[in-house]
Student: 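Got a structure for you, written out below as structure tokens; questions coming shortly.
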Amino acid sequence: MIEKPFPLNSILSKYQKSFTESQIGDSNHKRNEYLEIIEPLIRYFFRCMNHQGRIIDPYVRRETQYSTPAFAAAAALLYRERKEKWMLEAATQALEASLNQMATETCADGHSNFYTTMVTFAYVNLKPFVSIQKIEELDRLFHRINHATLYRKTINNWKVVALAGEFLRGAYQLGHPMSLEELDQELAPQMELLTEYGLYVDPNGPMAYAMFTRNYFRLMLLEGYDGRHKAKIAECCRRGDVTSLFMQSPTGEMPTGGRSAQHQWNEAQQAFQFEVAAREYARRGEHVLAAAFKRGARLSLKSMNRWVRPTGELNVVRNYSDPMIRTGYETYTYHSQYNLLSAYFLALAFEQADDEIGELPCPAEVGGFHLWMEPYFHKLIINAGGHYIEYQTKGDEHYTPTGIVRIQRKNVWPSIGPADGTPLASARALSFAPAWINVYKDMTRMSEMTSKDLPNVEVSVHSCERDKVEVKVSYRGPLNGAFLIERTLTVTPEILHVKDTLIGEIEAVIQEFPLFASDGETCTTINLSENRIDVDYKGEKVCIRVLEEEAISDLIMGPQVVTYRNGMLTSSSYRTTQTVTQYMIHLYQDEHLIEDTSLLDMVKEGVRT
């Protein structure tokens, strides 16, 4: 798939032409900012280390997954930079504990695949500072590792992580790693999972893992991989970097959707990859793109800083609930391993960051483009002037509903839009999507429909400029009474206007609006009037205005409040007999409200033109 033309060549060229090198400014984003997140994390989890050097999760009271080697890696880098004795002792003890687990094949939760790159990173950073005797002890442990039996056998991202670890072991001559010939043979099936966008297709297309595997391809390239897949891997990384830069939201976040979405390590890995890309483009003299990636890395780090807990570590998912409650967690999410995975990726970002590279507004802040990714990810991303819409064209039962799942705007709190929907498997599927009642009185909610229900989707673009992007999403039936559903999304830097047209045997349409209810700690204020909904979160606000010219039912609050990744989500809805419905959404801060009259005129003018 990677052999196909790169779909983003035109929007990349358009972005590059909009800036000159003379516009690049000095970056205030310095590499030491990574240490300012890493150090409190390491201090916090140092208190969770047992006498064997293993990190014990403070909430489940046991070692989880790769917490210990991730701690060793981040603590080793921290000692190299900060030189506090306890950091050296803690990093060495955690490294030795991790290598013992690998040698005896007793890695926590069977997560051996993830250990190797981390322990190699820790060893390389600690080697100049420990005794010859300690180096010999660590070397003996590396020699006891048996790659043929250590790793879990799998085709997904776990395989690439393990292979990268084996390559790094070979690069640093640690033990008896897999040969390059064997490694290339094992990599071959993975090459079939790389799309023309440079994204990796993990089962069910989760966005976090579309990027995750690329971290490990990157590590191999950085350490000199020159095997038979080098060209394909390098092209995957080049394309994937650009795709990720254009998918980034103006609040610095990766797109939501699928397993592990909205976990802090998402933005940590993004920072790592953007720092690498910035350095590579600068080396080639492409300074505009280098500056864009530098700003993208800065936005990634800024996103993470919002979620630092008073005790120094992170809320691993983007909400403020007590970690004991596990709000928005996956079954495999733990406070320790995902905090420390974030620290590891930030350590990698620190290593690659170049303070001499300047900054420019990145695509997330500039806008004037759209991306539609099928058939693996079902994502439509629209950005006009830093106003960002994520539309799931086909939902799935367990993670993401069909419809508009994220609305974000630069300088507005990221969760207010809201920043995610809730899937069918939750208490209620919620997104910005219509429902309808057919002539047989059956009700269908688009938010609940999945890929198997929506085989035919078309996306057409009517306008694509920096100050206005207009896109039509069409679904062709039969869809339980609907023969054709057309959703026209008009995005300006200030507003989102939605026009839904439903054609078929339909008696009534219900428009349902997901509303941010709580961040897990603080509740929003929600007010309904005749045709307007206002949500207030600490002065960060959303206004939803119904634009029907015919009579509608009263706006009512939904039947449930649903727990989701950002805290709690609720809804409001209205019912109409009209099969063409329109509404607009405006995210703003207290002092930046656009007057309703001018906003409505803007919408109507946009629809006419």
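Values below: all heavy atoms of this structure, side chains included; hydrogens, waters and symmetry mates excluded.
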Student: Between Glu275 and Lys294, does any side-chain N to carboxylate O distance fall below 4.0 Å?
Tutor: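 Here Glu275 pairs with Lys294 in a salt bridge, since their nearest N and O are under 4.0 Å apart.
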Student: When you measure from the side chain of Asn113 to the backbone N and O of Val161, does any donor-acceptor pair fall under 3.5 Å?
Tutor: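 Looks like no, no N/O pair under 3.5 Å.
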Student: With a 4.0 Å cut-off, would you call Glu267 and Lys302 a salt bridge?
Tutor: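 The answer is no: the pair does not qualify as a salt bridge.
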Student: Show the numbers, then the answer: is there a salt bridge (Lys or Arg N to Asp or Glu O under 4.0 Å) between Glu280 and Arg283?
Tutor: CA-CA 5 Å; Glu280 290 184 349; Arg283 187 181 299 124; 5.1 Å; no
Student: Within 45 degrees of the axis of the six-membered ring of Phe217 and under 6.0 Å from its centre: does Arg214 put its NZ or CZ there?
Tutor: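 That pair does not qualify as a cation-pi contact.
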Student: Indicate yes or no for a side-chain donor-acceptor contact from Asn383 to the backbone of Ala364 under 3.5 Å, with no hydrogens or angles considered.
Tutor: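 It does hold such a pair.
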Student: Just checking, is any N or O donor in the side chain of Gln273 or Ser244 under 3.5 Å from an acceptor N or O on the other one?
Tutor: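 No, no side-chain donor-acceptor contact under 3.5 Å.
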Student: Name the orientation class of the two ring planes belonging to His335 and Phe45 (parallel below 30°, tilted from 30 to 60°, perpendicular beyond 60°).
Tutor: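 Taking Phe45 first and then His335, their aromatic rings sit tilted (interplane angle of 30° to 60°).
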Student: Quick one: does any side-chain atom of His378 pair with a main-chain N or O of Gly395 as donor and acceptor, under 3.5 Å?
Tutor: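 Checked: no pair found.
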Student: Nearest 0.5 Å, please: how far is OG in Ser260 from OH in Tyr399?
Tutor: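 Rounded to the nearest 0.5 Å, the OH-OG separation comes out at 7.5 Å.
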Student: In plain terms, say whether Lys30 and Glu36 are close enough for a salt bridge, that is, a side-chain N and a carboxylate O under 4.0 Å apart.
Tutor: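 The answer is no: the pair does not qualify as a salt bridge.
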Student: Mind checking salt bridge (Lys or Arg N to Asp or Glu O under 4.0 Å) for Arg326 and listing every partner two or more places apart, or none if nothing turns up?
Tutor: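 With neighbours one apart ignored, the set is empty.
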Student: Quick one: side chains of residues 5-13, donor-acceptor pairs under 3.5 Å with protein atoms, not counting sequence neighbours, listed by atom name and distance.
Tutor:
unit_1 : atom_1 : unit_2 : atom_2 : d
Asn9   : ND2    : Phe6   : O      : 3.4

Student: Quick one: does Leu380's side chain get under 4.5 Å of His370's, heavy atoms only?
Tutor: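 Heavy-atom side-chain distance check passes, below 4.5 Å.
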Student: Are any of the side-chain nitrogens in Glu390 or Lys379 under 4.0 Å away from the carboxylate oxygens of its partner?
Tutor: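 Yes, Glu390 and Lys379 are salt-bridged.
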Student: Could you tell me how the ring of Phe293 sits relative to the ring of Tyr281: parallel (under 30°), tilted (30 to 60°) or perpendicular (over 60°)?
Tutor: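 Rings of Phe293 and Tyr281: parallel, under 30°.
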Student: One pair to check against ring-ring contact (aromatic ring centres under 6.0 Å, His included): Tyr225 and Phe167. What are the steps and the verdict?
Tutor: CA-CA 8 Å; Tyr225 171 72; Phe167 180 79; 5.6 Å; yes
Student: Does the cation-pi check pass for Arg259 over Tyr209, that is, NZ or CZ under 6.0 Å from the six-membered ring centre and within 45° of its axis?
Tutor: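 The answer is yes, since Arg259 meets both limits relative to Tyr209.
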Student: Can you spot which of Gln65, Arg62, Glu63 makes a side-chain hydrogen bond (donor to acceptor under 3.5 Å, both in side chains) with Tyr334?
Tutor: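 It is Arg62, the one option of Gln65, Arg62, Glu63 that forms the side-chain hydrogen bond (donor to acceptor under 3.5 Å, both in side chains) with Tyr334.
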Student: Is any side-chain heavy atom of Glu253 less than 4.5 Å from a side-chain heavy atom of Asn266?
Tutor: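 No, side chains not in contact.
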Student: When you look at Glu21 and Val288, which way does the side chain to side chain contact (heavy atoms under 4.5 Å, CB included) test go after all the steps?
Tutor: CA-CA 6 Å; Glu21 289 188 17; Val288 166; 4.3 Å; yes
Student: Throw together a table of side-chain donor-acceptor distances under 3.5 angstrom for residues 172-182, partners on residues two or more places apart or in other chains.
Tutor:
unit_1 : atom_1 : unit_2 : atom_2 : d
Tyr172 : OH     : Glu223 : OE1    : 3.1
Tyr172 : OH     : Glu223 : OE2    : 3.0
Ser179 : OG     : Glu182 : N      : 3.1

Student: Step by step, would you call Tyr197 with Tyr376 a side chain to side chain contact (heavy atoms under 4.5 Å, CB included)?
Tutor: CA-CA 11 Å; Tyr197 288 91; Tyr376 302 105; over 6 Å; no
Student: Please say which of Gln264, Glu313, Arg309 ends up in a side chain to side chain contact (heavy atoms under 4.5 Å, CB included) with Asn339.
Tutor: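 Result: among Gln264, Glu313, Arg309, Glu313 is the only option passing the side chain to side chain contact (heavy atoms under 4.5 Å, CB included) with Asn339.
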Student: Is any NZ, NE, NH1 or NH2 atom of the basic residue among Asp420 and Arg318 found under 4.0 Å from an Asp or Glu carboxylate oxygen of the other?
Tutor: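 Looking at Asp420 and Arg318, the cut-off is not met.
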Student: Please work out whether the ring planes of Trp86 and Phe46 are parallel, tilted or perpendicular, with thresholds of 30° and 60°.
Tutor: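 Answer is tilted, since the angle falls between 30° and 60°.
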Student: Go through the steps to decide whether Leu341 and Tyr66 satisfy the test side chain to side chain contact (heavy atoms under 4.5 Å, CB included), and finish with yes or no.
Tutor: CA-CA 8 Å; Leu341 180 61; Tyr66 41 78; 3.5 Å; yes
Student: Can you confirm whether or not the ring centre of Tyr151 sits under 6.0 Å from the ring centre of Trp158?
Tutor: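 Centroid separation for Tyr151 and Trp158: 6.0 Å or greater.
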Student: Assess whether a salt bridge exists between Lys232 and Glu235, defined as any Lys/Arg side-chain N lying under 4.0 Å from an Asp/Glu carboxylate O.
Tutor: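 Between Glu235 and Lys232 there is no salt bridge, as every charged N stays at least 4.0 Å from the carboxylate O atoms.
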